[in-house]
Number of protein chains: 2
Amino acid sequence: MFSFSEENYLKAIFHLQKKYSGGVSTNALAEQMETKASSVTDMVKKLSDKELVKYKKYQGVKLSEKGKKTAVEVIRKHRLWEVFLVEKLNFSWDEVHDIAEQLEHIKSAKLTNELDNFLGNPKRDPHGDPIPDAQGNFRIANNLLLADLEKGQTGVCVGVKDSSTEFLRYLDKNHIALGKQIHIVYKEEYDKSLLVKIDDKELLISHTVSNNLFVKPIES
Amino acid sequence: MFSFSEENYLKAIFHLQKKYSGGVSTNALAEQMETKASSVTDMVKKLSDKELVKYKKYQGVKLSEKGKKTAVEVIRKHRLWEVFLVEKLNFSWDEVHDIAEQLEHIKSAKLTNELDNFLGNPKRDPHGDPIPDAQGNFRIANNLLLADLEKGQTGVCVGVKDSSTEFLRYLDKNHIALGKQIHIVYKEEYDKSLLVKIDDKELLISHTVSNNLFVKPIES
DNA sequence: AACAATTTTTAGATACATCTAAAATATATT
DNA sequence: AATATATTTTAGATGTATCTAAAAATTGTT
Ligand SMILES: [Mn+2]
Ligand SMILES: [Mn+2]
Ligand SMILES: [Mn+2]
Ligand SMILES: [Mn+2]
């Protein structure tokens, strides 16, 4: 099959395509992969030879159907393993990413699908990111950010956009977790900071934070 | 840490040391690793530089304490993952080895130890092989082979020496499994074949088979 | 349109793990 | 002890993934 490196590039291109829909630039990929542009060019040529991406010199890359399928399979494995680590092995949500980076490369369709069943076919990983099914379909969408809600609205926290250890620990510290209701008491126009109410306690959060929290608004 | 390749060599040396206690020869290692003697020499030099093995030209290799510790850690992971696959994910004992070959290289002490606890700290893997604890101690020994028992004796099947798919499927077909009692009705001196009784049914097995089954004799 | 700055590619090098073929060493046989 | 055979090592090559430095192409600015 494909090497770890190839799979990691495919995953990175998949994520960057959301932002750069006209084609992912060499530099953008280099930054994401924490490597040099020249290395990216080398790898992109190889992926192109294997028909995993469409690539024309100086014009960036896009995933082919085959490339997209492979990327989604890797993402599926990554997120299922994260659920396993948190649900079954007592890991906290800020500890699982690096291990999932390793586990996502294990090759066995049966393993992936049995793991999925064992975990009860979860639709989201511990950070609220959607888990594609065995056919590669994402069954839910992360729509709204907390920053998009208005004063008076309430949303249930369903995911995080930033899943860095730092952000996750900030959330833990302030008792913000997936499933919690967040009510917007006041929105400061100047810096877009929010005064919110969680578990009947008031908390002031910055736009940086509210812009990294996905919510599902509640009808009121 | 160490590369997959380095870890696989350490594991192979560990297993071969039982047979070649005076030092594992380059050719023996090459055969085990399914590679060329020249490749083995290259790798052995690298392992020696890293002080994982003791090596003198033309005299074979032995694991250092550090090398042995690393090998045992890899074996621990391999066998724990095999238990996980069989006990939790509905794999049969002849399907797990190749996947465990991948999973044994995942680097996370916490993962290994949490997995161990999750599985109830098993002492044996699905093939009856002993699983070392977090300190590297094997808590049980595979002592006797069925072929070593005499006419009239009974043993409980506790492990397999050969864990190839072919042998495991042969055992399944003949309803021989770990935990089963095997009584020796008659031993043919000419070819060492055995007439045994399992679940009150008689079965004729060859020396090849009886020499690959570990048993714990029952007092009678 | 010309020049400057940025981006991207190419050329050439390094490290790893492997190979083949040849040389060196050790072991077995007469 | 000399010779033949087997084992092991060395020398040199290949493929992958990475890097630095230089060249080429694109984009932005006067
Ligand atoms: Mn992750
Ligand atoms: Mn990865
Ligand atoms: Mn195994
Ligand atoms: Mn292995």
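These figures come from a predicted structure and were not determined experimentally. Below, read A as the first sequence line, B as the second, and so on, with proteins coming before strands; counting in each chain starts at 1.
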Strictly by salt bridge (Lys or Arg N to Asp or Glu O under 4.0 Å), give each pair with a member in residues 47-65 of chain A just once, sequence neighbours left out.
A:E6-A:K50
Kindly say whether the aromatic ring centers of A:H97 and A:H78 come within a distance under 6.0 Å.
yes
In whole angstroms, how far is the P atom of D:dA21 from the NZ atom of A:K36?
9 Å
Going by ring pair (Phe, Tyr, Trp, His ring centres under 6.0 Å), name the residues that satisfy it together with A:F138, two or more places apart in sequence or in a different chain.
none
Counterpart residues, salt bridge (charged side-chain N to carboxylate O under 4.0 Å, His left out), relative to A:K88 (two or more places apart):
none
Please work out which residues in residues 17-34 of chain A have a non-hydrogen atom less than 4.0 Å from an atom of DNA chain C and list them by number.
A:S25, A:T26, A:N27
Nucleotide D:dA13, atom P - distance to CG of B:D42 in whole Å:
15 Å
Give a yes/no answer on whether the side chain of A:Y55 brings an N or O atom under 4.0 Å of OP1 or OP2 in C:dT9.
yes
For A:E188, what residues pass the side chain to side chain donor-acceptor pair (under 3.5 Å) criterion, not counting sequence neighbours?
A:Y186
Exercise answer: donor-acceptor pairs, residues 20-29 of chain B side-chain atoms, under 3.5 Å, sequence neighbours excluded:
residue: B:S25; atom: OG; partner: B:A28; partner atom: N; Å: 3.1

Protein-nucleotide distance (A:K56, atom NZ; C:dT9, atom P), rounded to Å:
13 Å
State which residues pass side chain to side chain contact (heavy atoms under 4.5 Å, CB included) with A:Q32; sequence neighbours excluded, sorted by chain then number.
A:A12, A:L16
Determine which pairs satisfy salt bridge (Lys or Arg N to Asp or Glu O under 4.0 Å) with at least one residue from residues 9-34 of chain A, sequence neighbours left out, and list them in order.
A:K11-A:E101, A:K11-A:E104
Using 4.0 Å as the upper bound for N to carboxylate O, is an ion pair formed by A:R76 and A:D116?
yes
So what does A:K45 touch, heavy atoms closer than 4.0 Å: a base, only the sugar-phosphate, or nothing?
sugar-phosphate
How would you list, by chain and number, every residue that makes a salt bridge (charged side-chain N to carboxylate O under 4.0 Å, His left out) with A:R139, sequence neighbours excluded?
none
Polar-atom pairs under 3.5 Å, protein N or O versus N or O of nucleotides 25-27 of chain D: list them with distances, or write none.
residue: D:dA25; atom: O4'; partner: A:Y58; partner atom: OH; Å: 3.0

For A:M43 and A:S5, what are the C-alpha separation, side-chain angles and deciding distance, and is it a side-chain contact (heavy atoms from CB on, under 4.5 Å)?
CA-CA 9 Å; A:M43 179 56 83; A:S5 192; 3.3 Å; yes
Tabulated below should be each protein N or O lying under 3.5 Å from an N or O of nucleotides 3-5 of chain D; please produce it.
none

Between atom CG in B:D49 and atom P in C:dA15, what is the gap in whole Å?
14 Å
For A:Y9, what residues pass the ring pair (Phe, Tyr, Trp, His ring centres under 6.0 Å) criterion, not counting sequence neighbours?
none
Hey, does A:S39 reach any base, or is it just sugar-phosphate, or nothing, if we go heavy atoms under 4.0 Å?
base
A:Q59 has an atom CD; how far is it from atom P of C:dT9, in whole Å?
10 Å
If you take atom types as modelled and just measure distance, does the side chain of B:S38 reach the base of C:dT18 with a donor-acceptor pair under 3.5 Å?
no
Starting from P on C:dC16, measure out to CG on B:N8 and report it in whole angstrom.
17 Å
Between atom CG in B:L47 and atom C1' in C:dC16, what is the gap in whole Å?
13 Å
Does OP1 or OP2 of C:dT10 have a side-chain N or O of A:T41 closer than 4.0 Å?
no
